[in-house]
Chemist: 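Pasting in a structure now, in C-alpha cells, and then I'll have a few things to ask.
As the structure is a computational prediction, the values presented were derived from the model and not from experiment. Atoms within a ligand are numbered from 1 in the order they appear, just like the ligands themselves. For the single chain, residues carry numbers from 1 onward in sequence order.
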Amino acid sequence: MRRKLPVACSQLPIAILILSFLAVAFSTPTAPDEQLVEVTSDNVPGVVLEMRYATERNITGKAIYPNGKAWLRMEAICKLAKVARNLEEKGYRLVIWDAWRPSYAQKALWASKPDGRFLTPPNKTSRHARGTSVDLSLGDKNGKILEMPSDHDEFNAKADEDFSDVPKEAGKRASVLRSAMFAAGFSGVPDEWWHYDLKDWADYEPIRGDKLDKDED
Ligand SMILES: [Zn+2]
C-alpha cells in the first residue's frame with residue numbers, strides 16, 4: 001500500500017518556512033544546521049541507512065562521523081521519497097551510504113586519498129557540502145543489501161556508469177537506480193554510479209555545519 005507523501009513535500013515552500021521557524025523556535029539539538037533535515041523512513045519510505053563514514057568500512061578505515069544519521073535539504077528528501085516509492089514497486093529499497101558531508105569529513109577523506117580524480121580537495125567545495133548530494137545503493141524489499149557494480153568509494157572501472165564490465169544483475173540494478181533518480185530530478189556523475197545530485201545543486205550554498213565540525217581552525 002502506498003504511503004502518503006509528507007505534507008512538507010507537497011507544499012514545500014510553506015513547509016520550509018515552517019521548518020525554519022520550528023528549527024529556530026525549538027532548535028533541534030541534534031541537527032547540524034537548520035537547513036538540514038534528518039533522513040528517516042518517515043520522509044523516505046523504506047530507506048536503509050548504511051552511513052559508511054560512521055563506520056570503519058570506508059577509505060579511511062576509521063569512523064569519521066559521530067553517528068549514523070543522514071542529513072539533506074528538504075528539497076532532496078522530497079525527491080528521494082518519490083524515488084523510494086518508484087523503487088518499492090519494483091521490490092527495492094534505497095540504501096544511503098552518504099548524504100550531507102561536513103567539511104572536517106572531506107578533510108579526513110582527502111588526507112586518506114589525496115587524489116583529485118576521485119575526491120574534492122578541502123580547498124574546494126564538495127557537492128556533498130551543499131546538502132543536495134547523496135550516495136546510494138539498493139536493498140531488497142526486506143532491506144537486505146544487494147550486490148551492486150562496486151563498493152562505495154571503490155575508485156576503479158567498476159564504479160563508472162558503463163556496466164558492461166560488472167555482473168549482469170548488479171549492472172541492471174544500478175541502471176534501475178539511475179533511471180529512478182533521473183526521473184525524480186537528480187543528475188549523476190559518470191565515474192561513480194552511487195553518486196547523485198539535485199539537478200540545480202549549484203544554486204545551493206555549502207553548509208559547513210559547525211556543530212559537528214571538529215576542526216575549528
Ligand atoms: Zn557522492
Chemist: What orientation do H152 and W97 show, parallel under 30°, tilted 30 to 60°, or perpendicular over 60°?
Modeler: tilted
Chemist: For D98 and H195: C-alpha separation, side-chain torsions, deciding distance, then whether side chain to side chain contact (heavy atoms under 4.5 Å, CB included) applies.
Modeler: CA-CA 9 Å; D98 194 30; H195 177 97; over 6 Å; no
Chemist: If you look at every heavy atom in L72 and S133, which pair is closest and at what distance?
Modeler: CD2-O, 3.3 Å
Chemist: Below the 2.8 Å mark, what number of protein N, O or S atoms do you get around the Zn ion (ligand 1)?
Modeler: 3
Chemist: With a 4.5 Å limit on heavy-atom distance, are the side chains of L80 and L136 in contact?
Modeler: yes
Chemist: Does D33 reach the side chain of W71, with side-chain heavy atoms less than 4.5 Å apart?
Modeler: no
Chemist: Among pairs that include at least one residue of residues 157-168, which meet salt bridge (Lys or Arg N to Asp or Glu O under 4.0 Å), considering only residues two or more places apart or in two chains?
Modeler: E154-K158, E161-R178
